[in-house]
Structures are given as structure tokens and as C-alpha cells.
Amino acid sequence: MDIDLIAKELEQTGYIVLAKPLADELLEGLLARCEDDGTGRFQSAHVGRGAAKQRIESIRGDVISWIEGEDPVDRAFLEQMENLRRELNARLFLGMFDYESHYAIYSAGYGYAKHSDVLQGKKNRILTTVLYLNKDWQPEYGGELVVYDPSGEQELLRLQPTFGTMIIFLSESFPHEVLPSRATRRSIAGWFRVSGS
Ligand code: OGA
Ligand code: MN
């Protein structure tokens, strides 16, 4: 990964799209992990926290599996992200202290309505990362990530979820949504966090 470029873009525009920051071998392993639901690993995603937590398919239709185990592929991914965390902290003084992430699968017809990744009353998410795992993705499948300016009114970019692409953006600054897709859509979403609320 070109850390200097990432740091510069985050500083200047607040987001960056990387064509293929991770090695092919790792991407293949991550895709296999995202296709493996052998032990019922994937659970419906929820919206909100605590008492407000609810599953509303019309808002958010993915099933997710948090990355936290000892699987060697997961560990290799987390190592890469840990390295990125340290390098970005050294350049941007963001004070990020950990990284949480999950595999996500959107079945055909599902998306994620426009939202912010910073939950109300919780400001600990600093940077969002999304890595896409879809081979041979076709434009007509839809499923784009749409990123808006901080006001939420102006569309900044539309990104197809093609294999190996990663976007990184300031979690608090960019409302975004996942358009419904016509094919199964796989990804890893993650957040670098600071401690505290
Ligand atoms: C999320 C999210 C974007 C994407 O999980 O919070 O916004 O493109 N994902 O999958
Ligand atoms: Mn999001």
C-alpha cells in the first residue's frame, strides 16, 4: 500500500479509492472466507445500538460475520490493517487504537440506505474501510457505494464493488449508501477507532 498517498488524500479530500492494495493470494483467501457459511457464521445485520437496535431489511439487508477469530486468512488481513493503522497514526496523528471489521453479504435485491458510520452518541469511529470481493462484477448489477458530501446532499462518487477495490474515508464526514444489487455482493467493512465513547 502507498501509505504516503493514502495519508495525503485523507488529509486533502477525506477519502481515497485504491484499485488493489492487497495481494491476490490474500484476496482469494478472503473471498473463500466470505463464501464459507458452514457454521452459520453469517447473521443478519442490525441498525442502531442498545434499545434502539433493530433489524430493518428495508434499511439494511446484509448478513455479516465479525472478524475476530484465529483463522489464518483473517489474521493476515488484520495484520495488514494493523500496519495501515500504525503508519497512518504516525503521519496524521489520528490516535486510532484498534480496528473492527466484518464480512458482509448482500443478497440480490438488498442494499443499505443512506447513513453515517458514526453512531449517535458514539464518536469513536475515525476511518471507514470497505474492501470488495466480487469477481467479474458487471455495471448492470448495480450495488454501487454512493458517497455524499458532508451535508448529505451532493453525490461525490459512485463506486462499483469490484474484486480487490478498497475505499477509505473519514467516518464522520461522508454519509453513504449501498444501492440494491442484482447479484450477491460481498465485502469487508471495517472501522479504525479511538477509545472511549
Ligand atoms: C457499512 C457500509 C458500504 C459498502 O457496512 O456501513 O456502508 O459498500 N458498507 O458495502
Ligand atoms: Mn456505512
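In this text the structure is predicted, and so the values were computed from the model without any measurement. Quick note: numbers below take in every heavy atom, side chains included, and nothing from hydrogens, waters or symmetry partners. Quick note: residue numbers are just sequence positions, from 1. Counting starts at 1 for both ligands and their atoms, in listed order.
Relative orientation of the Phe169 and Phe174 rings is perpendicular, given thresholds of 30° and 60° on the angle between their planes.
For Asn134 (side chain) and Pro161 (main-chain N/O), a donor-acceptor pair under 3.5 Å exists by modelled atom type.
In this structure, Arg41 forms a cation-pi arrangement with Tyr103, its terminal cationic atom sitting closer than 6.0 Å to the ring centre and no more than 45° off the ring axis. Relative to the six-membered ring of Tyr106, Arg185 meets both conditions, a distance below 6.0 Å and an angle of at most 45° to the axis.
Of all protein atoms, those that are N, O or S and lie under 2.8 Å from the Mn ion (ligand 2) total 3.
Looking at residues two or more places apart in sequence or on another chain, you find no salt bridge (charged side-chain N to carboxylate O under 4.0 Å, His left out) involving Glu11.
Protein residues having at least one heavy atom under 4.0 Å from any atom of ligand 1 are Tyr112, His115, Asp117, Val130, Tyr132, Leu145, His176, Val178, Arg185, Ser187, Ala189, Trp191, listed by chain and number.
A salt bridge between Arg75 and Glu79 is absent, with no side-chain N of the basic residue lying under 4.0 Å from a carboxylate O of the acidic one. Between Arg125 and Glu172 there is no salt bridge, since none of the side-chain N atoms of the basic residue sits less than 4.0 Å from a carboxylate O of the acidic one.
Think of Tyr141 as one node in a network of Ile, Leu, Val, Met, Phe, Trp and Tyr side chains linked at under 4.5 Å; its network also takes in Trp137.
The number of heavy atoms from other shown groups lying within 6.0 Å of CD (Glu140) is above 12.
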